[in-house]
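Below is one structure, written out as structure tokens; comments come after it.
Note that ligands are numbered from 1 as they come in the structure, with each ligand's atoms numbered from 1 the same way. All values reported here derive from a predicted model rather than from experimental measurement. Sequential numbering from 1 along the given sequence is applied to the chain's residues.
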Amino acid sequence: MADCSHLDMVEVTELPASVEGCEDCLRDGDVWLHLRICLTCGHVGCCDSSPNQHASRHARGIRHPLMRSLEPGEEWSFCAVDDEVMLLPQVTGYTRIPPSPMLL
Ligand SMILES: [Zn+2]
Ligand SMILES: [Zn+2]
Ligand SMILES: [Zn+2]
């Protein structure tokens, strides 16, 4: 079972039908590899293999530790405080995402 103590911060239980990409990279004209969504506010950021690591920066900066992968076929969530990967069955839906600009 998950040792994460932040599960009461999950506000996003229905994933958006589609997203445009990492919100911060789109604003800055930058590129991302994989996408993560904040489960507290719905902010879409990029993974730690992306140049700007916006998802982790969001988690630390605004203290929303829980994120979920938006990659096709990936259903795991991650707590940036507890450094723990887990499955959260209360989060449902499937998000269409554009291909990574780094892989084009
Ligand atoms: Zn946690
Ligand atoms: Zn980004
Ligand atoms: Zn957030």
Side-chain angles (χ1 to χ4, degrees):
M1 255 323 276
D3 292 323
C4 172
S5 57
H6 306 92
L7 295 181
D8 59 350
M9 294 184 72
V10 174
E11 303 284 349
V12 177
T13 54
E14 177 79 41
L15 297 174
S18 65
V19 298
E20 302 288 314
C22 171
E23 294 175 15
D24 299 312
C25 286
L26 287 170
R27 188 190 58 229
D28 298 342
D30 226 322
V31 296
W32 63 87
L33 186 61
H34 295 145
L35 295 176
R36 314 284 182 242
I37 188 168
C38 171
L39 290 176
T40 301
C41 72
H43 168 272
V44 177
C46 50
C47 71
D48 287 351
S49 299
S50 304
N52 295 296
Q53 305 181 350
H54 283 128
S56 286
R57 280 163 64 176
H58 175 83
R60 284 195 304 270
I62 201 168
R63 296 176 192 270
H64 288 170
L66 287 164
M67 63 186 82
R68 186 187 187 278
S69 175
L70 288 181
E71 295 304 304
E74 293 187 1
E75 297 186 342
W76 53 267
S77 297
F78 176 71
C79 178
V81 171
D82 294 308
D83 193 23
E84 176 150 324
V85 175
M86 56 207 143
L87 290 173
L88 299 179
Q90 65 268 48
V91 180
T92 58
Y94 171 78
T95 305
R96 254 180 308 112
I97 64 172
S100 160
M102 291 178 68
L103 302 178
L104 293 177

Any non-hydrogen side-chain atom of N52 less than 4.5 Å from a side-chain atom of D24?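 Not in contact.
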
So which of the N, O or S atoms of H6 lies nearest the Zn ion (ligand 1)?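 This residue's closest N, O or S atom turns out to be ND1.
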
For [Y], does its backbone N or O pair with a side-chain atom of [X] as donor and acceptor, under 3.5 Å?
| X | Y | answer |
| --- | --- | --- |
| S100 | W32 | yes |
| T95 | P16 | yes |
| T40 | E11 | no |
| T92 | T13 | yes |
| E71 | L35 | yes |
| E23 | V44 | yes |

Confirm or rule out an N/O/S atom of D82, from backbone or side chain, lying less than 2.8 Å from the Zn ion (ligand 1).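 Within the cut-off used here (under 2.8 Å), D82 does place an N, O or S atom near the Zn ion (ligand 1).
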
What are the protein N/O/S atoms, named by residue and atom, that sit under 2.8 Å from the Zn ion (ligand 3)?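 Sorted hits: C38 SG, C41 SG, H58 NE2, H64 ND1.
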
Might you confirm whether atom CD of E74 has over 12 heavy atoms from other residues, nucleotides or ligands at distances under 6.0 Å?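 Yes - once you tally the heavy atoms of other residues, nucleotides and ligands closer than 6.0 Å, there are more than 12.
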
Round to 10° and report the angle made at the Zn ion (ligand 1) by SG of C79 and SG of C4.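 Approximately 110° at the metal, rounded to tens of degrees.
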
Need one value: angle at the Zn ion (ligand 2), H54 atom ND1 versus C25 atom SG, rounded to 10 degrees.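 The angle at the Zn ion (ligand 2) comes to 100°, rounded to the nearest 10°.
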
